[in-house]
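For reference, the structure is listed below as structure tokens.
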Amino acid sequence: NAGATVAPEDVIDYTLTATNSNAPGTSRANGTTIVDTVPDGLTPVNGANNPVADGGTVNPDGGTWDETARTITWTVGSLDPGASVTRHYSVQVDTDAIGSGTLTNDAQVNTRSLAGGVNDSGRRTATSPGLNSGNDYGGYRADDDVTVRLLGATIAKATTPASATIGEQLTHTLEVTIPANIQLFDATVVDDIPDGLDFEGYVSATCTSGCAAGPTNITPTTLGSVANGNGTRIGWSLGDLASAPGSRVVTLVYTTRVADSYNSDGSDVVDGDQLTNLATLGYNTADGGPPPTSPPDPSTFEQTRTDDTTT
């Protein structure tokens, strides 16, 4: 389905249907071809998820795969007014996919007014003069596309104790989960601490599950603290994350204390006040440059995931 979320090694089944109009005056569609452009990140497969070789046949309906152009082409022939033809194929999501990236397939059907070899000089196609104004193509071409989104990383946050009084310490734990076979760029975690809580310090930042020495290991770097309105923003840089065969979990811990007054107006923090921390995981679908040296604005990332706790 359009908009579905997919993961590396998932198999996606596509169905393409080309229909000739049955409106009055519609003629037979001749020389009909269907071409589907497959984006990088998807590989056509047959049978037991076997990749189709360049120039090979795409089952079950006999399409031809062009790896360089990344197209599958079906030669349909003629379609009478009101007639339809359907073609199917399957692709597999590549490993090392980019988390939360989008994969869009573009399908196109082209026809002509006359059969091949019949009055070629008078034959009309989608590129005939005067027929392609405003992408109308005179009824000799139609386009459609479907986009799916790759699975991305997630963040979860917990704070203990759930309620506290002035001067009491709170421990905040953030868990970032990176799915198997997914890579991320510029991965960064930002936590916005509200007015009424004083940032006390970073406690730990480690990969607690799925990491091993080598290129898939994750070593978080703390980014200090900066003012964020009347509150405080802290953060960790995880960097560019290569894909790994299993999921990985990064655990980040820091502490705060309940203040006795608000920075905004100096009023007292009192019983029943609610203070909400918002944690954001940000990352990009392409390398955006060197890692930050201080906690960045989460809006600078292409992709964000959030979670919060209220004390």
Side-chain angles (χ1 to χ4, degrees), residues 98-101 152-160 164 169-178 182-209 211 215-243 248-266 269 274-311:
I98 298 172
S100 299
T154 60
I155 187 169
K157 182 174 183 179
T159 296
T160 56
Q169 185 185 73
L170 301 173
T171 299
H172 309 269
T173 302
L174 289 66
E175 285 194 344
V176 176
T177 301
I178 301 97
I182 286 289
Q183 59 179 323
L184 305 177
F185 294 99
D186 311 316
T188 304
V189 176
V190 172
D191 199 310
D192 288 326
I193 301 169
D195 188 9
L197 290 182
D198 292 332
F199 175 57
E200 189 172 57
Y202 292 104
V203 176
S204 61
T206 57
C207 184
T208 52
S209 176
C211 288
T216 62
N217 193 26
I218 302 174
T219 305
T221 301
T222 56
L223 298 177
S225 62
V226 296
N228 179 39
N230 293 308
T232 304
R233 175 172 290 162
I234 63 172
W236 301 258
S237 172
L238 309 185
D240 296 336
L241 304 183
S243 67
R248 291 164 290 175
V249 177
V250 175
T251 303
L252 311 168
V253 183
Y254 71 95
T255 57
T256 61
R257 287 190 184 273
V258 180
D260 59 3
S261 62
Y262 292 103
N263 295 324
S264 58
D265 58 9
V269 174
Q274 293 188 329
L275 307 174
T276 299
N277 293 56
L278 178 65
T280 302
L281 166 65
Y283 55 93
N284 295 319
T285 56
D287 189 359
T293 56
S294 62
D297 184 340
S299 67
T300 60
F301 295 95
E302 293 178 38
Q303 303 291 330
T304 56
R305 302 291 183 270
T306 61
D307 196 15
D308 60 55
T309 58
T310 298
T311 301

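Side-chain atoms of Asp195 come within 3.5 Å of backbone atoms of Asn263 as a donor-acceptor pair (strictly under, hydrogens ignored). Arg305 contributes no side-chain N or O that, together with a main-chain N or O of Gly152, makes up a donor-acceptor pair within less than 3.5 Å. A donor-acceptor pair under 3.5 Å is formed between the side chain of Asp307 and the backbone N or O of Lys157.
In this structure, Asn284 and Ile98 approach most closely via the heavy-atom pair O-CG2, 4.5 Å. For Thr311 against Ala164, the heavy-atom pair with the smallest separation is CG2-N, 4.1 Å.
Residue pairs satisfying the side-chain hydrogen bond (donor to acceptor under 3.5 Å, both in side chains) criterion with at least one member in residues 289-302, sequence neighbours excluded, are listed as follows: Thr285-Glu302, Asp297-Ser299. Here salt bridge (Lys or Arg N to Asp or Glu O under 4.0 Å) pairs that include residues 218-231, with residues two or more places apart or in two chains, number zero. Sorted by first and then second residue, the salt bridge (Lys or Arg N to Asp or Glu O under 4.0 Å) pairs with a member in residues 215-229 form an empty list; sequence neighbours excluded.
When the side chain to side chain contact (heavy atoms under 4.5 Å, CB included) test is applied to Ser204, the partners found at least two apart in sequence or on another chain are Val253. Remark: Tyr202 engages no residue in a side-chain hydrogen bond (donor to acceptor under 3.5 Å, both in side chains) (not counting sequence neighbours). In this structure, the side chain to side chain contact (heavy atoms under 4.5 Å, CB included) partners of Asp240, at least two apart in sequence or on a different chain, are Phe185, Asp186, Asp287. Residues passing the side chain to side chain contact (heavy atoms under 4.5 Å, CB included) test with Asp198, sequence neighbours excluded: Ala259. Partners of Thr309 according to the side-chain hydrogen bond (donor to acceptor under 3.5 Å, both in side chains) rule, which considers only residues two or more places apart in sequence or in another chain, are Thr159. Annotation: salt bridge (Lys or Arg N to Asp or Glu O under 4.0 Å) contacts of Arg233 (sequence neighbours excluded): Asp192. The side chain to side chain contact (heavy atoms under 4.5 Å, CB included) check on Thr154 picks up Thr177, with sequence neighbours excluded. Legend: residues meeting side-chain hydrogen bond (donor to acceptor under 3.5 Å, both in side chains) with Thr251, ordered by chain and number and at least two apart, are Thr208.
Proximity of Cys211 to Thr216: side-chain heavy atoms (C-beta onward) are nowhere separated by under 4.5 Å. Val269 is listed as a side-chain neighbour of Val258, based on a closest heavy-atom distance under 4.5 Å. Within the 4.5 Å cutoff, side-chain heavy atoms of Leu275 are placed close to those of Tyr262.
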Check your understanding: How far apart are the C-alpha atoms of Gln183 and Leu241, what are their side-chain angles, what is the distance that settles it, and do they pass the side-chain contact (heavy atoms from CB on, under 4.5 Å) test?
Key -> CA-CA 5 Å; Gln183 59 179 323; Leu241 304 183; 5.9 Å; no
Practice item. Take Leu170 and Thr255 through the side-chain contact (heavy atoms from CB on, under 4.5 Å) test and state the conclusion after the steps. Key: CA-CA 5 Å; Leu170 301 173; Thr255 57; over 6 Å; no
Exercise for review: For side-chain contact (heavy atoms from CB on, under 4.5 Å), just list the numbers for Tyr283 and Val176, CA-CA rounded to whole Å, side-chain angles, deciding distance to a tenth of an Å, and then say yes or no.
Suggested key: CA-CA 12 Å; Tyr283 55 93; Val176 176; over 6 Å; no
**Study point:** side-chain contact (heavy atoms from CB on, under 4.5 Å) evaluation trace for Leu281 with Phe301
**Key:** CA-CA 9 Å; Leu281 166 65; Phe301 295 95; over 6 Å; no
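Note that CZ of Phe199 and OG1 of Thr232 are 8.5 Å apart. Values are rounded to the nearest 0.5 Å. Here the CG-CD1 distance, from Asn277 to Ile234, works out to 8.5 Å after rounding to the nearest 0.5 Å. Of the inter-residue distances, the one linking Leu238 atom CG with Thr188 atom OG1 reads 6.5 Å to the nearest 0.5 angstrom.
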Name the atoms and distances for all side-chain donor-acceptor pairs under 3.5 Å in residues 218-227, with sequence neighbours left out.
none

